[in-house]
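First the structure, in the form of structure tokens, and then the observations on it.
Just so it is clear: chains get the letters A, B, ... in the order the sequence lines come, proteins before strands, and each one is counted from 1.
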Protein chains: 2
Amino acid sequence: MPARHEEIADELRRAIDREEYTVGSRLPAETELAAHYGVSRGTVRQAVAALTAEGLIGSRQGARRVVLASRRSQSFAELRSFAQWAHAMGREATGHVVAQEYLPATAQDSARLQLREGTPVLHVLRVRGLDGEPVLLERTVYADWIAPAVESIDADAPSVTQLLYESTGLVFAYGEHVIDAVAAGAQDAELLGIRRTSPLLRVRRVTTTREGRPVEWSDDRYRSDAVSFSVHNSIDNNALARKTAE
Amino acid sequence: MPARHEEIADELRRAIDREEYTVGSRLPAETELAAHYGVSRGTVRQAVAALTAEGLIGSRQGARRVVLASRRSQSFAELRSFAQWAHAMGREATGHVVAQEYLPATAQDSARLQLREGTPVLHVLRVRGLDGEPVLLERTVYADWIAPAVESIDADAPSVTQLLYESTGLVFAYGEHVIDAVAAGAQDAELLGIRRTSPLLRVRRVTTTREGRPVEWSDDRYRSDAVSFSVHNSIDNNALARKTAE
DNA sequence: GAGGCCAACTTGTTCAGACAAGTTCCGAGT
DNA sequence: ACTCGGAACTTGTCTGAACAAGTTGGCCTC
């Protein structure tokens, strides 16, 4: 069973969803919520802290908390897994491995995956689609210790994340995403069925396990007419950062 | 003076920065830190919770906390303010208003800024540069109640955020950012000094005050060869979400 | 040497209380 | 009618304590 503060956070999220608390309205005071749920004020604070981090509600000392938005953010799992994301939207995810090969780790690979240079790492080029329409080109490099499990996956499997979890118990826990825009190259254009030089949204990411061990890094290119990304930030929670090109 | 837990969070951040705790190494236990700083365990937990949210450290029940990364995240102020961001990098920010006019709020404007349709809102087209080089085109729409203060700002002022704070005490507190890629149009290309159809990183955002009142919304287009965005996510903290085009 | 089990350690959850600091709103006084 | 001050309210900070739940490493056995 989940922790009490998570249950309360969920109940509040649902209450906001069903507009019991409308956008702009004020949430009950901590002490009221504590009494209502029969818990201490600290537990309520943990619950509302979660909603604050998600950007659902705003908080200022002295004033009642305000509902800022509703229907926020998918789970991390949905962000990580293309297939789970598609499923949550009622769309069908497809996937197809175009090329796959082992290469010795470059200096860049070894830095990102925390491996010794020269260790063989698995490069995979995968096309992903929604309802048959290709929308994403994934160029992924897997660390040597997970590569065998990746290799054994069917070339047309829709969900790699799912299969890796089933076969090895691997759970992705952290991710760093660097986002920019690039023009589609010849290969990009061909595989995504778009014109060359079309703008693509590029997401370069490194994913690690719960222990902080890097699993993979990837260069993902999205058709910008099909997919966009959304980030919610506040003074207390700024996951987003602007960077200059090196 | 800042809260004790913030001081401790800062000290830990600096310690990680100067590699006293290296990436992959383990942080001292909560009880040790509590004893070291002479505070209770709860206060230490508040401090490390902040670093966890920033993605600096990873946390699993039962195991010592692990340092995941270093040199993370600017402040929210730096993200919001182009000038502050540039300054933090030791670069000089420039700004120039190309066009500015009042227009009645469209349905879209009124929804995003929570105003009545037809209320006059201020449209501003601004070019921003780093060390003289144009890198960003900002098309911003300001709510009527802040527009007069914006209008009185010099056309070449480097920092609008700064001046708005000084003249009205306005502080930006929350922001929703939607990121995608677009091809440069004729006006974009001309003002940024790039070729037409070059890929641009587009960030559409709405910014609100601490009270949750929308102040402005903006369509920002970055030269993708000059600027990128970075988001750090985890199972506990996912500010990032993928979206399909409507 | 391999495997399994347990004890020590560490983080997660929750409580109850106290005070600090900021906001809101009403009422008194001008 | 307007402003100002203060009381009541609300969130922020911090303490100290207890138990739950997960991890780690070493010891013992086979």
Side-chain angles (χ1 to χ4, degrees), chain A residues 1-12 21 24-53 56-68 169-171 173-174 209-213 234-237, chain B residues 1-12 21 24-53 56-68 169-171 173-174 209-213 234-237:
Chain A
M1 96 215 83
R4 193 80 183 93
H5 69 84
E6 281 187 28
E7 289 179 359
I8 294 171
D10 263 351
E11 285 199 44
L12 290 174
Y21 304 120
S25 71
R26 296 197 238 207
L27 234 53
E30 289 176 3
T31 49
E32 286 176 51
L33 289 172
H36 181 270
Y37 290 111
V39 297
S40 78
R41 206 181 132 217
T43 304
V44 168
R45 282 182 67 78
Q46 277 189 77
V48 296
L51 303 215
T52 305
L56 267 172
I57 61 181
S59 203
R60 301 143 60 209
Q61 183 172 138
R64 284 265 182 109
R65 268 174 255 262
V66 177
V67 179
L68 290 175
L170 184 73
V171 174
Y174 306 102
T209 65
R210 280 182 300 194
E211 292 85 23
R213 193 178 186 192
S234 73
I235 280 183
D236 304 313
N237 175 21
Chain B
M1 97 216 84
R4 192 82 183 90
H5 70 84
E6 280 187 29
E7 290 179 0
I8 294 171
D10 263 350
E11 285 199 45
L12 290 174
Y21 304 120
S25 71
R26 302 211 258 233
L27 235 53
E30 288 176 3
T31 49
E32 286 176 52
L33 290 172
H36 181 271
Y37 290 111
V39 298
S40 78
R41 208 182 130 218
T43 305
V44 169
R45 283 182 66 78
Q46 268 184 283
V48 295
L51 303 216
T52 305
L56 269 171
I57 62 180
S59 205
R60 300 144 60 210
Q61 182 172 142
R64 288 273 260 256
R65 268 173 255 261
V66 177
V67 178
L68 291 175
L170 183 72
V171 174
Y174 305 101
T209 64
R210 279 182 300 193
E211 292 86 23
R213 194 178 187 195
S234 73
I235 281 183
D236 305 312
N237 176 19

Euclidean distance, atom CD of residue B/Glu7 to atom P of D/dT13 [Å, nearest integer] | 12 Å
Taking only the side-chain nitrogens and oxygens of B/Arg60, find out if one of them lies under 4.0 Å from OP1 or OP2 of D/dT24.
-> yes
Provide, to the nearest angstrom, the distance between the CZ atom belonging to A/Arg65 and the P atom belonging to C/dG22.
-> 16 Å
Identify whether any heavy atom of A/Arg210 sits under 4.0 Å from a base atom; if not, whether one sits that close to sugar-phosphate; answer base, sugar-phosphate or nothing.
-> nothing
How many Å lie between CG on B/Leu33 and C1' on C/dG12, as a whole number?
-> 16 Å
Taking salt bridge (charged side-chain N to carboxylate O under 4.0 Å, His left out) as the test, write out the residues that go with A/Arg26, two or more places apart.
-> none
For B/Gln61 and D/dA20, what is the distance between atoms CD and P respectively, to the nearest whole Å?
-> 12 Å
Between CG of A/Leu27 and C1' of D/dT10 the distance, given in whole Å, is 13 Å
Using a cut-off of less than 4.0 Å, is there contact between a side-chain N or O of A/Arg64 and OP1 or OP2 of D/dA8?
-> no
What parts of residues 39-51 of chain B reach DNA chain D, counting only heavy atoms under 4.0 Å away?
-> B/Val39, B/Ser40, B/Arg41, B/Thr43, B/Gln46
Quick one: is D/dG12 close enough that its OP1 or OP2 comes under 4.0 Å of any side-chain N or O from A/Ser59?
-> yes
Partner set under side chain to side chain donor-acceptor pair (under 3.5 Å) for B/Ser59, not counting sequence neighbours = B/Arg65
Interatomic distance, A/Glu32 CD vs D/dT11 P [rounded to whole Å] | 8 Å
Over 12 foreign heavy atoms within 6.0 Å of CZ, A/Arg210 | no
Tell me which of B/Arg26 and B/Gly38 sits closer to the 5' end of DNA chain D, going by the nucleotide each one is nearest to.
-> B/Gly38
Go through the structure and list residues passing side-chain contact (heavy atoms from CB on, under 4.5 Å) with B/Ala29, not counting sequence neighbours.
-> B/Thr31, B/Glu32, B/Arg64
Closest contact, heavy atoms only, A/Thr43 versus A/His5 | O-CB, 3.6 Å
Go through the structure and list residues passing side-chain contact (heavy atoms from CB on, under 4.5 Å) with B/Leu12, not counting sequence neighbours.
-> B/Ile8, B/Tyr21, B/Leu33, B/Tyr37, B/Val48, B/Leu51
Heavy-atom nearest nucleotide on DNA chain C taken for A/Ala63 and for A/Glu6; more 5' hit belongs to A/Glu6
Which residue lies toward the 5' end of DNA chain C, B/Glu30 or A/Gly62, if each is placed at its nearest nucleotide?
-> B/Glu30
Contacts of B/Gln61 meeting side-chain contact (heavy atoms from CB on, under 4.5 Å) (sequence neighbours excluded), chain-then-number -> none
